[in-house]
Student: 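Below: one structure in structure tokens.
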Amino acid sequence: MGPVSHAPARGPSLMSKNWNRPFMTGAVECGILSISALLTAGFMARAEIGPLISLIVFYFIQALFSFIFLAALRRWFPIRPGLFDPQEDGWTIYRWHLHAFLCENNLVFFYPNALLPAIARQFIARLLGARVGKGLIVLNGQLFDPYLLEVGDEVVVGQDAVILPHRWVGGRLLLGPVRLGRGAVVGARAVLDPGVRVGDHAMVKAMSHVESGSVIENNEVWAGVPARRSSVKGKSPGSGRKKFLGWTDLTIKPALEVVLIALAAGLTGFVLPRSTWFTGVAGLVFLTLVQVGSLQVMTILRWVGRFEAGVYPFHVGSPRTFIWTVYYYLIVMNVFPLYQTRFLPPVGRRWLSQIMGARVGEGSMDGFLYDPYLVQLDDGATIGDESALLPHAMTEEEVILKPVRVGAGAVIGERCLVMPGAVIEHGSRLEALSLLTMDSHMGPNEVWSGIPARKQGIRLPVTVPANTSNKQQGRILFFLIQGVLWLVSATAAYAMGGNSLDGIFLWFVTILHLTSLVACVAARRGFIHGGSSVELTPGQEILWRIHRGLCRSNLYWFSQGFLVPPALRPWCLRLLGARIGKNVWIMGTVHDPFQVTLEQGTRLGPDSLVIPHREEIGRAVLKPVVVGAETDIGSQSVIHGGTRFPPGSVLPPFTNIPEESIVKI
């Protein structure tokens with residue numbers, strides 16, 4: 001367990017007590033929403049559009065006015081770096097909060113959102129005040145407070161990295177600019193605190209935490225939690241401008257995109273009647289066809305390119321490197337809403353990974369597979385919540401492709417990261433929040449943990465209980481219930497929506513959510529015992545699996561909430577049984593919310609994970625999690641069941657709290 005400190009009881013929620021926050025924030029929000037509603041109504045009066053298109057138009061109008069208001073706020077009342085006390089610098093803290101509130105609530109589909117491709121994120125970051133350079137800039141991480149961010153040319157920000165220019169320190173707000181120099185590389189799931197400066201061609205390795213005020217000089221390599229200098233790179237040849245910006249990239253990729261869009265548009269017009277061409281349903285059909293066409297092209301590219309293990313320089317311009325860049329382009333532009341996002345439930349991710357070339361046996365896959373064509377999961381392998389297998393690594397000059405293999409019965413814990421070339425033999429276990437570095441080899445039945453992961457011992461053989469059918473029975477019943485809910489929702493939506501495809505779709509989504517919520521409450525009554533620890537009986541485990549499946553599919557936006565504005569996430573979790581106090585800010589993921597208590601002023605940092613359940617072969621255990629008032633959970637942290645935090649606790653990033661932990665002052 002990582003270090004835990006305790007702040008005085010004057011944490012982030014103190015700024016919420018200023019009289020001007022609820023009044024001014026409400027006035028600004030109501031003004032933006034009112035203008036957007038009036039303009040949408042005027043647009044609807046002039047054009048015959050369905051309700052779904054009206055909602056989309058309304059969202060984009062309110063997003064436009066939010067961008068305008070935020071730009072005016074930054075221009076007339078700039079937010080400067082510094083350390084601010086809520087009692088002495090209330091106006092400064094309020095301006096920061098107002099900016100963050102509008103970004104995270106009104107721009108939830110744009111800021112910071114995994115559904116957007118990297119190019120769109122660059123554009124949004126510039127609109128919000130970031131200084132972003134040219135060249136190869138892969139922004140696949142989460143960028144907060146963009147007006148305090150400077151990104152140089154040819155920067156690579158890896159998958160799920162978090163750049164966080166703000167932090168609460170002892171009840172005071174620390175704001176510090178983050179600068180990434182030319183050619184800098186920030187590894188997957190790294191966290192950069194306020195005031196960090198990364199020099200030209202420097203590198204922060206995966207799952208590293210760079211603390212506030214750290215200065216990484218040119219060509220240095222930092223790693224660890226907290227990050228420290230580990231080595232110095234040689235001088236870069238400076239060939240970055242040739243990476244993705246050759247004439248082939250500027251002609252072939254756009255031409256391919258135009259062909260896919262034209263084919264999808266033509267098929268949409270052929271399938272749907274002319275009267276429905278300008279409805280939201282037509283848009284959904286069009287996007288689906290674009291993604292299906294992209295998957296077909298990607299299958300051809302895999303066959304032609306034959307992506308094998310190796311190191312492929314960007315600047316050489318070899319055919320295989322170019323084919324891989326085209327493949328990657330299609331992923332981040334056309335397939336990204338489905339690829340490696342929580343938008344799909346685990347079953348959907350498994351099917352999509354198999355379509356994209358993964359060899360996946362019978363097992364549990366709650367995490368993500370990047371470059372699925374280089375991944376092999378044997379029977380019984382378990383990938384924990386939000387863990388990721390990453391067969392590629394990108395540097396300033398090259399891409400490294402190496403296969404990843406997970407043996408039969410192996411277990412990868414929650415929020416782990418497995419790098420290229422790693423092999424996990426049968427029966428092994430990688431503990432939660434661990435980093436398995438490139439080319440690591442875990443022998444049979446070994447236990448590894450840490451950042452980076454190291455061997456801790458030998459795992460005892462798992463004794464399989466007599467009754468191991470609970471999971472299969474729960475899956476069968478879930479699909480039966482799912483079919484009934486979809487049938488009831490579709491029938492009711494058709495009866496209530498009339499001849500409008502948009503109306504039928506919106507009624508279907510609404511009724512499906514309501515009926516699923518009722519089914520979840522009914523299932524939950526069968527295994528909840530007042531929020532206490534309980535080892536589920538076979539019947540209770542089946543009900544729990546049905547509840548979990550409904551939350552991950554039909555109630556996905558409610559349970560995971562990455563598309564729900566932070567201000568609404570506490571309300572969604574309350575509907576699912578969570579006990580949540582006032583002024584709670586949730587940027588992470590909460591599983592089994594009926595077992596979770598978040599008291600007043602609690603903050604769950606970006607990509608934090610609360611898991612009250614433990615699942616083994618033949619049994620499941622639920623244990624409550626209680627987080628005291630004014631507690632700040634750091635980014636990328638993992639909290640397991642049975643944990644209790646006293647008020648004012650502060651967890652740094654990458655803290656793994658094991659089961660039954662009682663944090664003491």
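Positions are given from 1 along the sequence.
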Student: Could you pull out all residues at least two apart from Arg524 that satisfy side-chain hydrogen bond (donor to acceptor under 3.5 Å, both in side chains)?
Tutor: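 Listed in chain order: nothing, the list is empty.
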Student: Begin with the C-alpha distance, continue with both residues' side-chain angles, and end with the deciding distance and a verdict on side chain to side chain contact (heavy atoms under 4.5 Å, CB included) for Val627 and Arg644.
Tutor: CA-CA 6 Å; Val627 182; Arg644 296 178 180 271; over 6 Å; no
Student: Tell me, do Leu573 and Trp571 make a side-chain contact under 4.5 Å, heavy atoms counted?
Tutor: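 Heavy-atom side-chain distance check fails, nothing below 4.5 Å.
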Student: Output the distance between atom CD (Glu414) and atom CG (Leu430), rounded to the nearest 0.5 Å.
Tutor: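 If I round to the nearest 0.5 Å, the distance is 10.5 Å.
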Student: So, Thr602 side chain and Gly628 main chain: donor-acceptor pair closer than 3.5 Å or not?
Tutor: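 Yes, Thr602 side chain to Gly628 backbone: donor-acceptor pair under 3.5 Å.
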Student: Within the structure provided, determine whether Leu517 and Leu550 are in side-chain contact (heavy-atom separation under 4.5 Å).
Tutor: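 No. Closest side-chain heavy atoms not under 4.5 Å.
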Student: Mind checking the CG-CZ spacing from Leu568 to Arg574? Nearest 0.5 Å is all I need.
Tutor: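 Between Leu568 CG and Arg574 CZ, I get 11.0 Å after rounding to 0.5 Å.
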Student: I need the minimum non-hydrogen distance between Val191 and Ser635, along with the two atoms involved.
Tutor: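 Taking Val191 first and Ser635 second, the nearest heavy atoms are CG2-OG, 3.9 Å.
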Student: Between atom NE2 of His591 and atom CD1 of Ile611, what is the distance when rounded to the nearest 0.5 Å?
Tutor: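 Taking NE2 in His591 and CD1 in Ile611, the distance rounds to 5.5 Å.
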Student: Is it true that the side chains of Gln482 and Asn554 contain a donor and an acceptor less than 3.5 Å apart?
Tutor: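 Result is yes, a qualifying pair exists.
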Student: Is there a side chain to side chain contact (heavy atoms under 4.5 Å, CB included) between Thr631 and Val650 once you walk through the steps?
Tutor: CA-CA 6 Å; Thr631 294; Val650 178; over 6 Å; no
Student: Is a donor on one side and an acceptor on the other found under 3.5 Å between the side chain of Ser637 and the backbone of Pro652?
Tutor: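 Here the side-chain-to-backbone pair exists.
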Student: In Å and rounded to the nearest 0.5 Å, what is the CD to OH distance from Gln159 to Tyr370?
Tutor: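 Answer for the CD-OH pair, Gln159 versus Tyr370, is 4.0 Å.
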Student: Given 3.5 Å as the limit, does a donor-acceptor pair link the side chain of Tyr111 with the main chain of Asn105, or not?
Tutor: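 Here the side-chain-to-backbone pair does not exist.
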Student: Salt bridge check: are Arg579 and Glu599 linked by an N-O gap of less than 4.0 Å?
Tutor: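 Judged by the 4.0 Å cut-off on N to carboxylate O distance, Arg579 and Glu599 do not form a salt bridge.
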Student: Measuring from atom CG of Asp371 to atom CG of Leu389, what distance do you get when rounded to the nearest 0.5 angstrom?
Tutor: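 Spacing of CG (Asp371) from CG (Leu389) equals 10.5 Å.
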Student: Under a 4.0 Å N-O cut-off, is there an ion pair linking Arg228 with Glu211?
Tutor: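 Answer for the salt bridge query: yes.
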Student: Decide yes or no for Ile400 and His392: does some side-chain heavy atom of the first lie under 4.5 Å from some side-chain heavy atom of the second?
Tutor: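 The answer is no, as the side chains (C-beta and beyond) never meet within the 4.5 Å cut-off.
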Student: Could you tell me if the side chain of Val156 sits less than 4.5 Å from the side chain of Val186, heavy atoms only?
Tutor: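 SC-SC contact between Val186 and Val156 ruled out.
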Student: Between Glu431 and Ser434, does the side chain to side chain contact (heavy atoms under 4.5 Å, CB included) criterion hold? Intermediate values first, please.
Tutor: CA-CA 6 Å; Glu431 298 290 356; Ser434 297; 4.2 Å; yes
Student: With the side chain counted from C-beta on, respond yes when Thr589 and Glu386 share a heavy-atom pair under 4.5 Å apart, and no when they do not.
Tutor: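 Yes, close enough: below the 4.5 Å cut-off.
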Student: Nearest heavy-atom pair of Glu425 and Pro444: which atoms, and what distance?
Tutor: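 Heavy-atom minimum between the residues: CB-N, 3.5 Å.
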Student: Report yes if the side chains of Leu174 and Trp168 come closer than 4.5 Å at any heavy-atom pair, otherwise no.
Tutor: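 The answer is no, as the side chains (C-beta and beyond) never meet within the 4.5 Å cut-off.
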Student: Identify the heavy atoms of Pro612 and Val596 that sit nearest to each other, and give their distance.
Tutor: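 Closest pair (atom of Pro612, atom of Val596, distance): CG-CG2, 3.6 Å.
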Student: Just to verify, what does His426 make a ring-ring contact (aromatic ring centres under 6.0 Å, His included) with, not counting sequence neighbours?
Tutor: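 His426: no ring-ring contact (aromatic ring centres under 6.0 Å, His included) contacts found.
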Student: Is there a donor-acceptor pair under 3.5 Å between the side chain of Arg189 and the backbone N or O of Cys416?
Tutor: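 Yes; at least one donor-acceptor contact below 3.5 Å.
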Student: Between Ser428 (side chain only) and Glu446 (backbone N and O only), is there a donor and an acceptor less than 3.5 Å apart?
Tutor: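 Confirmed, Ser428 side chain pairs with Glu446 backbone.
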Student: Do Val447 and Ile458 pass the side chain to side chain contact (heavy atoms under 4.5 Å, CB included) test, and can you show the C-alpha distance, the side-chain angles, and the key distance before you say yes or no?
Tutor: CA-CA 6 Å; Val447 178; Ile458 299 295; over 6 Å; no
Student: Inspect the surroundings of CZ in Arg229 and state if more than 12 heavy atoms from other residues, nucleotides or ligands are less than 6.0 Å away.
Tutor: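 Atom CZ in Arg229 is not packed in, count stays at 12 or less.
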Student: From Asn656 CG over to Gln636 CD, what is the distance, rounded to the nearest 0.5 angstrom?
Tutor: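 So the gap between those two atoms works out to 12.5 Å.
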Student: Over all heavy atoms of both residues, which pair between Val198 and Ala184 is shortest? Give the atoms and the distance, please.
Tutor: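 Distance-wise, the nearest heavy atoms are CG1-CB, 3.8 Å.
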Student: Is there a side-chain contact between Phe368 and Leu390 in this structure, where contact means two heavy atoms from C-beta onward sitting under 4.5 Å apart?
Tutor: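 No - every pair of side-chain heavy atoms lies 4.5 Å or more apart.
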Student: Per the side-chain contact (heavy atoms from CB on, under 4.5 Å) rule, which among Leu377, Val418, Leu417, Leu436 passes with Ile412?
Tutor: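 The residue from Leu377, Val418, Leu417, Leu436 that satisfies side-chain contact (heavy atoms from CB on, under 4.5 Å) with Ile412 turns out to be Val418.
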Student: Is any side-chain heavy atom of Leu148 closer than 4.5 Å to one of Leu175?
Tutor: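 Yes, close enough: below the 4.5 Å cut-off.
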Student: Determine whether a donor-acceptor pair (N or O, by modelled atom type, separation under 3.5 Å) exists between the side chain of Arg350 and the backbone of Gly361.
Tutor: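 Between the backbone of Gly361 and the side chain of Arg350 there is a qualifying donor-acceptor contact (under 3.5 Å).
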Student: Look only at the side chain of Thr597 and the backbone of Val626, and say whether a donor-acceptor pair between them is shorter than 3.5 Å.
Tutor: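 Not confirmed, Thr597 side chain does not pair with Val626 backbone.
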Student: Return the minimal non-hydrogen interatomic distance between Ala381 and Val406, and the atom names on each side.
Tutor: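 Nearest heavy atoms, Ala381 then Val406: CB-CG1, 3.8 Å.
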Student: Which atom pair, heavy atoms only, marks the closest approach of Glu535 to Gln540?
Tutor: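 Residues Glu535 and Gln540, closest heavy atoms: O-OE1, 4.2 Å.
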Student: Can a side-chain donor-acceptor contact be found between His613 and Gln595 if the only test is distance below 3.5 angstrom?
Tutor: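 Judged by distance alone, the side chains do not pair up.
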Student: Please check if atom CZ in Arg197 has more than 12 non-hydrogen atoms from other residues, nucleotides or ligands closer than 6.0 Å.
Tutor: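 Result for CZ/Arg197: open.
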Student: Quick one: do Arg415 and Asp385 make a salt bridge, cutoff under 4.0 Å?
Tutor: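 No.
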Student: Look at the side chain of Ser553 and the backbone N and O of Gly549, then say whether any donor-acceptor pair between them is shorter than 3.5 Å.
Tutor: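 Yes, the answer is positive, given that a donor and an acceptor are paired below the 3.5 Å cut-off.
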Student: Measure up the Phe654 and His209 rings against each other and bin them: parallel (under 30°), tilted (30 to 60°), perpendicular (over 60°).
Tutor: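 Phe654 vs His209 ring planes: tilted.
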